[in-house]
2 protein chains.
Amino acid sequence: MTETAEDLGGERKRGSGVRLVYEMLRDEILTLALPPGRPIDEVNLAERFGMSRTPIREALVRLAGEGLVETLPNRSAIVANIDFTKLYTFFDAITLMYRVTTRLAAEHHRPEDLEIIRAHQARYAATVAAQDPLAMIAVNRDFHAAIAEAGRNPYYTALTLRLLDEGRRILRLYYQSFNDRLPKEYSDEHEGIINAIAARDVELCDRLAREHADQIVRQIKQFFSRDMRQDVKL
Amino acid sequence: MTETAEDLGGERKRGSGVRLVYEMLRDEILTLALPPGRPIDEVNLAERFGMSRTPIREALVRLAGEGLVETLPNRSAIVANIDFTKLYTFFDAITLMYRVTTRLAAEHHRPEDLEIIRAHQARYAATVAAQDPLAMIAVNRDFHAAIAEAGRNPYYTALTLRLLDEGRRILRLYYQSFNDRLPKEYSDEHEGIINAIAARDVELCDRLAREHADQIVRQIKQFFSRDMRQDVKL
DNA sequence: TGCATTTTATTTGTCGACATAAATTCGGCG
DNA sequence: CGCCGAATTTATGTCGACAAATAAAATGCA
């Protein structure tokens, strides 16, 4: 799947190796290029990135801290599995975080925040028009992350980011099942949320964020319950 | 402060070193034995724990992932500072998490959860009676962590744990200002919460959790605003 | 042939050492 | 006397190698 020889050019600056590996692995995990459960071999990665195992391990430890890889003692680390039995807790949490962060964004956003949010939304619409699900999923995450940032509560932002990242993998599964054809309905909902934030209408933000979350959750629930039934058949 | 020669006995099992360092450092940070801003020297720790720098670094990376230490590139890591300008976001977040986790505990708890929660509360009362603020703070954290666990939403639990840990440092500062004399009022509030969970009364749990949080927040806010005023005077 | 046990092999956990970047000290110059 | 720059020092980032533990393979036995 992944090309063997990556050969990332020449000299890297001291300290940049870890971040490089971290970001690259993270992206491959979140796009499902590395599927859940796949073993992660340290020496393999060390060769691929042309560096020692030490920075590789540090990147893996950080990813493990975010719950993106699971490390079994004395055994290969693996890409974190998606626990479908806990999907409902995920939906519950992300719905609450959408509501809370959007509310706070309405209260605390500054002009420059809105610019950033609108820029993400423009990119989002472009990815939908281009039928590029991978980019769409990534930008959708950036959009809501920007809203959370505008809310200026780092604790909520941190949880929201974690949920959004986990959501990238779930959405990837979801859209793959449709051969990656994208509906564009979310685009309108995003516009409504932006306007509500700009108007500083806290209650409207709450309602729109909840509806936005409910809509996605409903679709994915439907999809996975279908999938569950098929699984049960064996 | 910290004894130089710790000399933790003899052989350790392969893989246990990291957890040992991680837990010990974590405890020292949360009890303020290591004050915010203090530099953390890797070789120093390596000598103290009688192991190489490698496991020390891994423990530090994990602690950095939880926001308990800050690592500056090519410079000493330091114990994470407490950002008092973001105290209000902390209060907001922990109030919400108290409410949400207690609500969920009312819905999803099982008999064994209640036993655990009650056991923590018993220990809590004991620490208050013994006027042991350090233990009291630690057990208070365990009490609310057990409630979060009973709510069975790992995302909420994770954020709650992070907030509770950060809260340990703040509470330590708070009680230090009173020469570590403890009021026992919280004990009764805890009992009320336990009863509401046992009765599966979601709305009552919400109200009691909010009041419990508000009460603590009010006191600490008062304390820190007093402190702020003094700071302004220079 | 099938199962248990030993042997091999692979991969992680840890170590000690070197390279490098920043902080500090020292020295020169204006 | 003070400031700027170079040398020194200190601590981190990275490396290659060894040891331990698990998985896989091979062997022996019933």
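The sequence lines fix the lettering, A, B, ..., with proteins before strands; numbering per chain opens at 1. Note: hydrogens, waters and symmetry copies are ignored here, and every other heavy atom, side chains too, is used.
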Whole-Å distance, Ile56(A) CD1 to dG16(D) P, equals 12 Å
Quick one: Phe49(A) CZ to dT14(D) P, roughly how many Å, whole number?
-> 14 Å
From dG13(C), dT14(D), dA22(C), nucleotide with atom closest to Asn74(B) side chain = dA22(C)
How many angstroms lie between NE2 in His108(A) and OG1 in Thr89(B), if you round to the nearest 0.5 Å?
-> 10.0 Å
Let me know, please, whether Pro55(A) or Arg75(B) comes out on the 5' side of the other along DNA chain D by nearest nucleotide.
-> Arg75(B)
Provide, to the nearest angstrom, the distance between the CG atom belonging to Leu60(B) and the C1' atom belonging to dG13(D).
-> 13 Å
Separation of dA19(D) atom P from Arg14(B) atom CZ, nearest Å, is 12 Å
Rounded to whole angstroms, how far apart are CE on Met51(B) and C1' on dC18(D)?
-> 18 Å
Heavy-atom nearest nucleotide on DNA chain D taken for Thr71(B) and for Pro73(A); more 5' hit belongs to Thr71(B)
So His190(B) and Tyr124(B), would you call those rings parallel, tilted or perpendicular, with 30° and 60° as cut-offs?
-> tilted
When the ring planes of Phe90(A) and Tyr155(B) are compared, do they come out parallel, tilted or perpendicular, using 30° and 60° as the limits?
-> perpendicular
Grab the CZ-C1' distance between Arg57(B) and dC15(C) for me, whole Å please.
-> 14 Å
For Arg19(A), look at atom CZ and say whether over 12 heavy atoms of other residues, nucleotides or ligands are found less than 6.0 Å away.
-> no
Which of these nucleotides, dT11(C), dT12(D), dT14(C), is closest to any side-chain atom of Arg53(B)?
-> dT12(D)
Would you check if there is a donor-acceptor pair between the side chains of Glu66(A) and Tyr22(A) at a distance under 3.5 Å?
-> yes
Among dA11(D), dG13(C), dG16(D), which is the nearest nucleotide to the side chain of Glu42(A)?
-> dG13(C)
To the nearest angstrom, how far is Lys13(B) atom NZ from dA19(D) atom C1'?
-> 18 Å
May I ask you to verify if any side-chain N or O of Ser76(A) is less than 4.0 angstrom from the OP1 or OP2 atom of dT12(C)?
-> yes
Tell me: CG of Leu45(A) to P of dT11(C), nearest whole Å?
-> 12 Å
